[in-house]
Q: 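Quick one: the structure is below, and I'll ask about it shortly.
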Amino acid sequence: MGTALISTACFLPSQNREVIGLVRNLKNKLFGKVIRKSSLFSRNRRDFMIASLLGRKVQKRETVIPEPDYRIPVVLLGLAGGLAYSDNLLPAAPIGLLGLLLLFQTTRVRFVFDDEALEVKVGDQLDNSGENVFVGGKNRWKYSTFVNWELWWPNFPILVYFKETQTKPEGQVHFFPVIFNGKQLYDVMVERAGPSKTSGPKDS
């Protein structure tokens, strides 16, 4: 078919050949522009998608580990010592044991806030803490599953509470003694899990 058209064109008058040539040039110009624009659009779109993906990776949040804070175990041990000194051994014993337990836990337990979840780890090497002894499952909870959280009390935080739906769809409550720097803990919880409704350390 193509050969027939070429051979026919050779025998046409010169005017017809000029018209055919103009038509070909016009088609090449029009379709060439359309093709180039299409490829340019797809290339720009691809570059935009790549830049967006790279941008998301750059915005990844750093891991935060609040520093240990020994105030609560020291206060408990001091209180137990005072009670023992005044011959109140019955209350002194459990308070002293609790103080020793928290002192030991402060040296080893860490809250690790990575880009997507809070995880409880142990030791300087940040080893896996295993399953939760009370409710089961891994001691790692995604921020997206947090329903609410609180830090009691603002000036001298004692307990941190949070409720999440990862362990149970209806929500699971967790309580931890604040054996970490309370201000650092509060700031990272606000950043990763959203603001607490009623509590938070006041600026000094």
Side-chain angles (χ1 to χ4, degrees), residues 62-143 145-168 171-204:
E62 64 178 351
T63 298
V64 176
I65 306 172
E67 299 169 356
D69 189 337
Y70 293 88
R71 288 185 297 172
I72 293 177
V74 167
V75 167
L76 289 174
L77 289 172
L79 180 60
L83 289 170
Y85 183 77
S86 60
D87 292 329
N88 291 309
L89 297 178
L90 191 60
I95 293 174
L97 289 173
L98 179 60
L100 287 172
L101 174 64
L102 291 181
L103 182 65
F104 173 68
Q105 294 290 69
T106 305
T107 64
R108 61 188 294 272
V109 176
R110 299 289 179 267
F111 268 18
V112 179
F113 294 85
D114 63 24
D115 185 49
E116 64 176 10
L118 160 63
E119 185 168 0
V120 179
K121 297 197 173 186
V122 293
D124 293 333
Q125 303 302 317
L126 300 178
D127 297 322
N128 195 323
S129 61
E131 286 203 357
N132 191 293
V133 295
F134 298 105
V135 296
K138 191 176 181 182
N139 287 311
R140 177 180 172 85
W141 306 278
K142 289 187 177 182
Y143 309 125
T145 67
F146 280 37
V147 176
N148 186 32
W149 69 274
E150 297 294 344
L151 190 65
W152 292 298
W153 281 260
N155 295 324
F156 191 87
I158 304 292
L159 284 174
V160 60
Y161 144 87
F162 62 89
K163 182 178 181 181
E164 45 82 17
T165 56
Q166 182 175 305
T167 306
K168 295 180 182 177
Q172 175 64 52
V173 172
H174 301 270
F175 289 93
F176 289 94
V178 179
I179 52 179
F180 320 101
N181 183 301
K183 185 67 168 66
Q184 292 175 356
L185 178 63
Y186 177 76
D187 288 344
V188 72
M189 287 288 284
V190 168
E191 180 197 351
R192 307 289 165 94
S196 171
K197 292 181 180 178
T198 61
S199 64
K202 295 178 181 177
D203 295 332
S204 55

Q: Can you check whether Trp149 and Tyr143 have ring centres sitting under 6.0 Å from each other?
A: no
Q: Taking atom OG1 of Thr107 and atom CG of Asp124, what is their separation to the nearest 0.5 Å?
A: 9.0 Å
Q: Rounded to the nearest 0.5 Å, what separation is found between the CZ atom of Phe146 and the OG atom of Ser196?
A: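 So the gap between those two atoms works out to 12.0 Å.
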Q: Could you pull out the closest heavy-atom pair between Pro157 and Arg71, with the gap in Å?
A: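 That would be CD-NH2, 4.3 Å.
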Q: Is any side-chain heavy atom of Glu164 closer than 4.5 Å to one of His174?
A: yes
Q: Are Tyr186 and Leu151 close enough that some pair of their side-chain heavy atoms sits under 4.5 Å apart?
A: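 They are in contact (side-chain heavy atoms under 4.5 Å apart), so the answer is yes.
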Q: Closer than 4.0 angstrom, basic N to acidic O: yes or no for Lys142 and Asp115?
A: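 Salt bridge absent between Lys142 and Asp115.
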Q: To check you understand the geometry: which heavy-atom pair defines the closest contact between Leu126 and Lys121, and what is its length?
A: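 The answer is O-CD, 3.3 Å.
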Q: Quick check: closest heavy atoms across Pro68 and Thr106, and the distance to 0.1 Å?
A: CB-O, 3.7 Å
Q: Ring-plane angle category for Phe111 and Phe113, please: parallel below 30°, perpendicular beyond 60°, tilted otherwise.
A: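 Geometry flag for Phe113 against Phe111: perpendicular rings.
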Q: Given side chain to side chain contact (heavy atoms under 4.5 Å, CB included), test Val112 with Thr63 step by step and report yes or no.
A: CA-CA 7 Å; Val112 179; Thr63 298; 3.5 Å; yes
Q: Kindly indicate, with the supporting measurements, whether the criterion side chain to side chain contact (heavy atoms under 4.5 Å, CB included) is fulfilled by Phe175 and Phe162.
A: CA-CA 7 Å; Phe175 289 93; Phe162 62 89; over 6 Å; no
Q: Does Thr145 use its side chain to pair, donor to acceptor, with the backbone of Trp141 at less than 3.5 Å?
A: no
Q: Provide the closest heavy-atom pair for Ala84 versus Ala92 in the form atom of the first, atom of the second, distance.
A: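 Result for this residue pair: N-CB, 3.7 Å.
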Q: Is there a side chain to side chain contact (heavy atoms under 4.5 Å, CB included) between Ile179 and Tyr70 once you walk through the steps?
A: CA-CA 6 Å; Ile179 52 179; Tyr70 293 88; over 6 Å; no
Q: Determine the minimum heavy-atom distance between Phe180 and Val109, stating which atoms define it.
A: CE2-O, 3.4 Å
Q: For salt bridge (Lys or Arg N to Asp or Glu O under 4.0 Å), just list the numbers for Asp114 and Arg140, CA-CA rounded to whole Å, side-chain angles, deciding distance to a tenth of an Å, and then say yes or no.
A: CA-CA 10 Å; Asp114 63 24; Arg140 177 180 172 85; 2.7 Å; yes
Q: We want to know whether Asn139 and Asn132 form a side-chain donor-acceptor pair, criterion being a heavy-atom distance below 3.5 angstrom.
A: yes
Q: Under 3.5 Å, side chain of Ser129 to main-chain N/O of Val120, donor-acceptor pair present?
A: yes
Q: From Lys138 NZ over to Glu131 CD, what is the distance, rounded to the nearest 0.5 angstrom?
A: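 Spacing of NZ (Lys138) from CD (Glu131) equals 10.5 Å.
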Q: Which atom names give the shortest non-hydrogen contact between Val178 and Ile72, and what distance separates them?
A: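 Here Val178 and Ile72 meet closest at O-CD1, 3.2 Å.
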Q: So, taking the atom named NZ in Lys183 and the one named CD in Glu67, what distance separates them when rounded to the nearest 0.5 Å?
A: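 Lys183 NZ to Glu67 CD: 13.0 Å, rounded to 0.5 Å.
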Q: After noting the C-alpha distance and the side-chain angles of Thr165 and Val147, does the key distance pass the side chain to side chain contact (heavy atoms under 4.5 Å, CB included) rule?
A: CA-CA 7 Å; Thr165 56; Val147 176; 3.5 Å; yes
Q: At what distance, to the nearest 0.5 angstrom, does CG of Leu103 lie from CG of Leu98?
A: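 Reported to 0.5 Å precision, the distance equals 11.0 Å.
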Q: For a 4.5 angstrom cut-off between non-hydrogen side-chain atoms, does Gln172 reach Lys163?
A: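 Heavy-atom side-chain distance check fails, nothing below 4.5 Å.
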Q: Got Leu97 and Leu101 here, is their nearest side-chain heavy-atom distance under 4.5 Å?
A: no
